[in-house]
Protein chains: 2
Amino acid sequence: MDNIAFASHDHRACIKTGIEAVAKYCAAQKLQFTPLRRRALEILLHEHRAMGAYDVLDHLRRDGLGSQPPVAYRALDFLVSHGFAHKIERLNAFIACARPGQDHTPAFLICRICDAVAEAQLEPSRGMLGRAAEETGFTIEQAVTEAIGLCPNCAKDIQ
Amino acid sequence: MDNIAFASHDHRACIKTGIEAVAKYCAAQKLQFTPLRRRALEILLHEHRAMGAYDVLDHLRRDGLGSQPPVAYRALDFLVSHGFAHKIERLNAFIACARPGQDHTPAFLICRICDAVAEAQLEPSRGMLGRAAEETGFTIEQAVTEAIGLCPNCAKDIQ
DNA sequence: TGATAAATGTTACCTTATAACATATCAACC
DNA sequence: GGTTGATATGTTATAAGGTAACATTTATCA
């Protein structure tokens with residue numbers, strides 16, 4: 001489990017290694033990791049929370065990198081489609097992936113107070129779900145779990 | 001697993017028993033199952049697919065039951081908050097619950113071609129996710145899984 | 001039956017997302 | 001090294017999804 005979102009840590013290093021991992025993967029796969037896309041990922045990495053596309057756009061604008069919604073959505077689509085970021089449907093928001101470039105089945109723990117999001121990994125073929133799909137002849141291509149609840153910090157504050 | 005969404009069946013009975021189960025539950029819990037809310041549920045039950053709030057609103061309008069978005073959203077909120085319907089975040093859409101009134105942890109099998117949705121049940125405390133949450137001190141209040149893929153009908157057509 | 005709460009009606013608006021087309025940049029091959 | 005086809009970015013306009021705020025009506029129950 002990746003609990004980094006809920007714990008303090010060396011955040012600068014965290015951004016740096018995230019970017020480097022993706023840069024390396026893109027080089028290997030001949031994907032264009034353009035300044036715009038790189039910056040979008042940096043923006044997401046800078047927070048350990050999900051950010052709305054328009055929030056990302058605001059940051060991009062300040063940096064003089066695109067100012068209209070499609071610019072942000074396209075950069076985010078690139079990141080999501082290659083697994084460098086995830087979309088948290090529940091929040092209509094995006095978050096940098098904790099395991100970029102590695103094939104995985106993510107689950108998200110979303111704090112309903114502060115919106116912090118932690119990414120956990122599930123086994124690709126989850127028991128009951130896989131069985132249920134098999135029984136009906138449904139072919140699962142991708143599965144995402146979103147859990148809502150309280151992060152340790154907010155749980156502490158709430159009592 | 002509830003595979004009814006992918007198989008032919010007596011649909012009229014299906015709507016009737018769905019409404020009756022909810023009506024009974026509401027009576028027992030002293031919830032107001034008003035004509036508007038009942039109609040909204042009927043609309044959802046009529047399809048075994050997720051419907052957008054504005055689609056539901058269109059139907060309500062035709063029936064002379066409210067014509068503005070908040071009317072539909074409030075009826076849907078009522079249904080969702082009491083577990084009579086679910087929101088499919090991935091589709092920004094709503095679907096009648098297959099197990100109304102019963103406490104459950106749903107998973108959805110969403111066909112990416114025809115948008116049909118089947119509801120499966122998972123054990124509330126899923127192995128890896130529960131463990132991951134425990135490790136970080138995250139308290140899960142609710143978890144939803146959405147699986148994207150191909151329903152048997154569309155899988156057949158696609159080759 | 002009157003007081004209170006719950007539900008519905010209505011206006012106005014905000015947020016999220018995309019279609020469509022123009023322009024610029026890249027990749028790679030001759 | 002210039003041409004060409006593909007990929008990426010810029011820009012306008014608008015579609016789709018969702019809610020705040022307040023007025024009015026309907027239910028609940030003392």
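As the structure is a prediction and not an experimental result, all values here were calculated from the model. Numbers restart at 1 for each chain; the letters A, B, ... are given by sequence-line order, proteins then strands.
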Rounded to whole angstrom units, what separation is found between the [atom1] atom of [X] and the [atom2] atom of [N]?
X     : N      : atom1 : atom2 : result
A:M51 : C:dT15 : CE    : P     : 15 Å
B:L60 : C:dT10 : CG    : P     : 14 Å
B:R61 : C:dT8  : CZ    : C1'   : 15 Å
B:D63 : C:dT8  : CG    : P     : 15 Å
B:R38 : C:dA7  : CZ    : P     : 16 Å
A:D55 : C:dT15 : CG    : P     : 10 Å
A:L76 : C:dT16 : CG    : P     : 12 Å
A:L36 : C:dT23 : CG    : C1'   : 16 Å

For B:H46, is the NE2 atom crowded, meaning more than 12 foreign heavy atoms sit under 6.0 Å from it?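 No, NE2 of B:H46 has 12 or fewer neighbouring heavy atoms, counting only those of other groups under 6.0 Å.
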Using a 6.0 Å cut-off, check whether atom CZ of B:R62 has over 12 heavy atoms from anything other than its own residue.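 Above 12, so yes.
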Sugar-phosphate only, base, or nothing, as touched by A:Y54 at under 4.0 Å among non-hydrogen atoms: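 If one applies the 4.0 Å heavy-atom cut-off, A:Y54 turns out to touch a base.
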With [X] via side-chain hydrogen bond (donor to acceptor under 3.5 Å, both in side chains) - residues at least two apart:
X     : answer
A:H82 : none
A:D77 : none
B:E42 : B:R39
B:Q68 : none

Near DNA chain C, under 4.0 Å by heavy atom, which residues of residues 64-74 of chain B?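 Listed by number, they are B:G66, B:Q68, B:P70, B:V71, B:R74.
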Contact list for DNA chain D against residues 83-93 of chain B - heavy-atom distance below 4.0 Å: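 Output list: B:K87, B:N92.
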Which residues in residues 27-34 of chain A have a heavy atom closer than 4.0 Å to any atom of DNA chain D?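 Those residues whose heavy atoms fall under 4.0 Å from DNA chain D, taken from residues 27-34 of chain A in numerical order, are A:Q32, A:T34.
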Rounded to the nearest 0.5 Å, how far does [atom2] of [Y] lie from [atom1] of [X]?
X      : Y      : atom1 : atom2 : answer
B:E119 : B:H104 : CD    : NE2   : 4.0 Å
A:R74  : A:R37  : CZ    : CZ    : 10.0 Å
B:I110 : B:E89  : CD1   : CD    : 10.0 Å

End axis versus end axis in the helix from C:dT1-D:dA30 to C:dC30-D:dG1, the angle rounded to 10°, five pairs used at each terminus: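 Rounded value for the end-axis angle: 30°.
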Can you tell me which residue pairs pass the salt bridge (Lys or Arg N to Asp or Glu O under 4.0 Å) test with a partner in residues 136-146 of chain B, sequence neighbours excluded?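 Counting only pairs at least two positions apart or across chains, the salt bridge (Lys or Arg N to Asp or Glu O under 4.0 Å) contacts touching residues 136-146 of chain B are A:R112-B:E141.
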So which residues get pulled into A:Y54's cluster when ILVMFWY side chains under 4.5 Å apart are joined, directly or through others?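 For the cluster that includes A:Y54, the remaining residues are A:L57, A:Y73.
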Could you list who else is in B:V22's hydrophobic cluster, with ILVMFWY side chains joined at under 4.5 Å, directly or through other members?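 Joined to B:V22, directly or through intermediates: B:I15, B:I19, B:Y25, B:L31, B:F33, B:L36, B:L41, B:I43, B:L44, B:L45, B:M51, B:V56, B:L60, B:L65, B:V71, B:L76, B:F78, B:L79, B:V80, B:F84, B:F94.
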What pairs with B:Q142 under side chain to side chain contact (heavy atoms under 4.5 Å, CB included), at least two apart in sequence or on another chain?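 In terms of side chain to side chain contact (heavy atoms under 4.5 Å, CB included), with neighbours along the sequence ignored, B:Q142 is linked to A:R90, A:I148, B:V144.
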Salt bridge or not for B:K16 and B:E20, using N-O below 4.0 Å?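 So B:K16 pairs with B:E20 through a salt bridge.
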